[in-house]
Protein chains: 2
Amino acid sequence: MFNHAVSRLKQITEAVRDAGSLGVADLAALTGASEMTIRRDLEVLAAQGVLERFRGGARSLLLRCSEPPFALRTDENMAAKRRIAATVAGMIADGESVVLDSGTTCLEVARLLHDRRITVMPLSLHAVNALSSSTSLTLLVPGGRPRPGELALTGPLTLASLSALRFDTAVIGCCGLSAAQGLTAFDLEDASVKRAAISSARRVIAAVDASKLSRTALAFVAPASSLDAVVTDADGDEDLAAAGVTVVTA
Amino acid sequence: MFNHAVSRLKQITEAVRDAGSLGVADLAALTGASEMTIRRDLEVLAAQGVLERFRGGARSLLLRCSEPPFALRTDENMAAKRRIAATVAGMIADGESVVLDSGTTCLEVARLLHDRRITVMPLSLHAVNALSSSTSLTLLVPGGRPRPGELALTGPLTLASLSALRFDTAVIGCCGLSAAQGLTAFDLEDASVKRAAISSARRVIAAVDASKLSRTALAFVAPASSLDAVVTDADGDEDLAAAGVTVVTA
DNA sequence: GAGTTTCGAACACCACTGATGTTCAATCAC
DNA sequence: GTGATTGAACATCAGTGGTGTTCGAAACTC
């Protein structure tokens with residue numbers, strides 16, 4: 001999938017979400033692509049659960065409070081994510097055992113850990129795939145049910161895998177973080193996995209780009225005080241610092 | 001990776017295994033490729049643990065009793081594997097829960113199950129990846145440590161995942177099968193995972209191409225009598241049939 | 001330490017794959 | 001029944017990845 005195609009998918013997703021529903025011809029005119037291409041795109045997006053096809057067009061299935069699918073988030077804020085990931089990777093010492101959350105920022109962390117001599121348990125199959133070719137690190141796969149698209153592992157098998165282990169460090173991504181509301185996630189299942197990851201680790205690092213600070217999502221994960229450090233690309237957050245959290249600016 | 005490249009890798013693997021060690025120039029002459037390409041190939045094979053580089057050449061690390069790496073087996077006996085896989089897939093009914101072993105034959109089964117409405121727990125990340133884009137089936141990932149190359153999940157996390165569940169059917173691949181020696185595998189860890197898979201399933205189907213019948217590998221898994229059916233491409237095996245196993249010829 | 005060999009990074013080239021557009025027959029809605 | 005919509009099939013094109021060549025650096029030999 002090329003950048004070109006991804007940006008068109010994103011454009012379609014947003015246009016359909018804003019309008020509620022749109023016709024194939026409208027989308028073709030909007031994007032400059034042929035109707036056939038639009039149909040193929042809609043098929044892809046329908047498979048991801050973003051929207052629903054009907055004859056002549058598609059209607060959005062995106063709730064206001066849910067996040068866009070993984071494939072459409074991967075190259076948003078790339079630069080910030082890379083910087084944050086590099087800082088997080090630098091905070092991990094050789095020989096450590098790390099549990100790595102799902103999400104695009106944590107996937108960047110995974111890529112940077114590929115050649116390190118550590119033990120990693122990623123909570124998303126995307127990160128598992130990024131790391132499975134490594135010979136230097138010990139890769140542990142948690143059990144679970146992968147959520148479509150996101151490929152984040154959830155459910156009782158995941159919780160059992162986490163509760164059986166104790167990690168030096170947990171690297172957690174999230175959908176919202178503030179001193180008052182704490183760490184929040186869009187998905188309820190995800191939230192309980194994050195909570196389990198946090199409680200099985202001695203040190204907790206949150207990797208959060210600026211767009212997520214001061215935002216709040218549906219599912220509560222943990223209070224800000226349970227984080228040992230927050231790595232972000234924004235200037236130091238006053239409230240978080242006041243809550244006793246070490247804020248690292250990447 | 002093209003067919004061309006894979007067959008050259010296979011050629012190199014075999015030549016180095018037979019000779020014990022070979023020089024880059026020898027391999028270039030043998031394959032007709034440039035020395036640079038040979039060096040790149042040797043790097044790939046070294047990463048897979050097939051051989052060890054030294055200045056000017058490489059020496060084989062393949063034990064006589066171990067199997068060649070996954071990437072080199074994928075398109076051997078393709079036709080037979082496809083036929084076997086199709087037969088196995090046909091023996092699985094909608095709504096069933098299936099545990100699917102690692103190996104190239106079972107990976108073909110996974111591909112055929114992609115759009116079925118069943119529950120599948122693959123024991124290899126290759127199969128997980130083949131199935132993770134499906135919306136129709138319920139995919140369960142077992143925990144564990146993926147073995148490099150093969151990406152078969154092993155270890156206590158895998159055993160725990162299996163013992164927590166009860167499946168309708170287990171589809172088992174193996175490295176050797178005979179009425180007298182039973183089911184055998186090259187890897188000890190794999191063997192215990194296969195055993196756990198067998199004991200957590202009500203029905204056990206073995207998918208075995210002809211090259212594995214009458215062969216025996218190091219690790220004993222289970223007696224032939226614990227199999228409910230054997231699907232193979234060879235003509236019905238007399239001994240197995242005599243042992244009370246249903247032999248299905250694909 | 002000089003000479004030779006091997007290595008690997010960088011670049012150019014080529015084949016192939018995968019995305020896109022076009023056409024057309026089949027299908028669906030009214 | 002009529003018109004719009006769809007998806008399969010084929011042609012086209014761009015990007016990717018594998019391969020070869022060159023050349024400077026490193027390593028091994030003597």
Side-chain angles (χ1 to χ4, degrees), chain A residues 1-13 15-16 19 21-48 50-59 69 71-72 74-75 78 111 114-115 129-130 132-133 135-136, chain B residues 1-13 15-16 19 21-48 50-59 69-72 74-75 78 111 114-115 129-130 132-133 135-136 149:
Chain A
M1 193 94 79
F2 295 121
N3 280 344
H4 197 229
V6 173
S7 73
R8 193 183 52 241
L9 288 178
K10 216 177 297 184
Q11 205 180 350
I12 293 174
T13 303
V16 174
S21 72
L22 271 177
V24 172
D26 303 328
L27 288 164
L30 176 70
T31 61
S34 74
E35 298 202 356
M36 189 63 229
T37 300
I38 297 294
R39 278 191 213 102
R40 284 190 271 238
D41 287 347
L42 293 180
E43 195 178 359
V44 169
L45 293 171
Q48 293 184 23
V50 174
L51 45 77
E52 188 185 26
R53 282 299 320 260
F54 61 81
R55 194 172 179 79
R59 110 183 76 256
L72 274 50
T74 35
D75 38 31
M78 248 316 187
R111 299 214 170 98
H114 187 277
D115 296 318
N129 287 329
S132 64
S133 65
T135 51
S136 63
Chain B
M1 193 97 78
F2 294 119
N3 279 346
H4 198 228
V6 173
S7 73
R8 193 182 51 240
L9 288 178
K10 217 177 297 185
Q11 204 179 352
I12 293 173
T13 303
V16 173
S21 74
L22 271 177
V24 173
D26 302 329
L27 289 165
L30 176 69
T31 61
S34 75
E35 297 202 356
M36 189 64 227
T37 299
I38 297 295
R39 280 192 210 100
R40 284 189 270 239
D41 286 347
L42 292 180
E43 196 178 359
V44 169
L45 293 171
Q48 292 183 24
V50 175
L51 45 77
E52 188 185 26
R53 282 301 320 260
F54 61 81
R55 195 174 179 78
R59 109 184 76 257
F70 187 88
L72 274 50
T74 35
D75 38 32
M78 248 317 186
R111 299 215 170 97
H114 187 278
D115 296 318
N129 288 328
S132 63
S133 66
T135 51
S136 63

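Throughout, protein chains are lettered first and strands after them, A, B, ... in sequence-line order, and every chain is numbered starting at 1. The analysis underlying the following values was restricted to heavy atoms, covering all of them including side chains, and did not include hydrogens, waters or symmetry mates.
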Over all heavy atoms of both residues, which pair between [X] and [Y] is shortest? Give the atoms and the distance, please.
{"X": "B/F70", "Y": "B/G149", "result": "CB-O, 3.7 Å"}
{"X": "B/R59", "Y": "B/V16", "result": "C-CG1, 3.9 Å"}
{"X": "A/L27", "Y": "A/L22", "result": "CD2-CD1, 3.9 Å"}
{"X": "A/S34", "Y": "A/A28", "result": "C-CB, 4.3 Å"}
{"X": "A/V6", "Y": "A/A71", "result": "CG1-O, 3.9 Å"}

Q) Can you find a heavy atom in the side chain of B/R39 that is under 4.5 Å from one in the side chain of B/E35? A)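 A side-chain contact under 4.5 Å exists here.
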
Q: Could you encode protein contacts along nucleotides 23-30 of chain C as a string, one character per nucleotide from 5' to 3', using B for base contact, S for sugar-phosphate-only contact and - for no contact, with a heavy-atom cut-off of under 4.0 Å?
A: ----BBS-

Q) From A/L45 CG over to A/I12 CD1, what is the distance, rounded to the nearest 0.5 angstrom? A)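 Between A/L45 CG and A/I12 CD1, I get 6.0 Å after rounding to 0.5 Å.
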
Q: Only pairs at least two apart or in different chains count here, so list each salt bridge (charged side-chain N to carboxylate O under 4.0 Å, His left out) that has a residue in residues 22-33 of chain B.
A: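 For residues 22-33 of chain B: none.
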
Enumerate all atom pairs, one protein N or O and one N or O from nucleotides 15-19 of chain D, separated by less than 3.5 Å.
| from | atom 1 | to | atom 2 | distance (Å) |
| --- | --- | --- | --- | --- |
| D/dG18 | OP1 | B/M1 | N | 3.4 |
| D/dT19 | OP1 | B/R8 | NH1 | 2.9 |
| D/dT19 | OP1 | B/R8 | NH2 | 3.0 |
| D/dT19 | OP2 | B/R8 | NH2 | 2.8 |

Q | Distance test, side-chain N/O of A/R53 to OP1/OP2 of D/dT5, below 4.0 Å | A |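 Answer is no, no contact under 4.0 Å.
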
Atom pair distance, as rounded to whole Å: [atom1] in [X] and [atom2] in [N]:
{"X": "B/I38", "N": "C/dT6", "atom1": "CD1", "atom2": "C1'", "result": "15 Å"}
{"X": "A/D26", "N": "D/dA4", "atom1": "CG", "atom2": "P", "result": "15 Å"}
{"X": "B/L27", "N": "C/dC7", "atom1": "CG", "atom2": "C1'", "result": "16 Å"}
{"X": "A/E35", "N": "C/dA19", "atom1": "CD", "atom2": "P", "result": "21 Å"}
{"X": "A/F54", "N": "D/dG7", "atom1": "CZ", "atom2": "P", "result": "14 Å"}

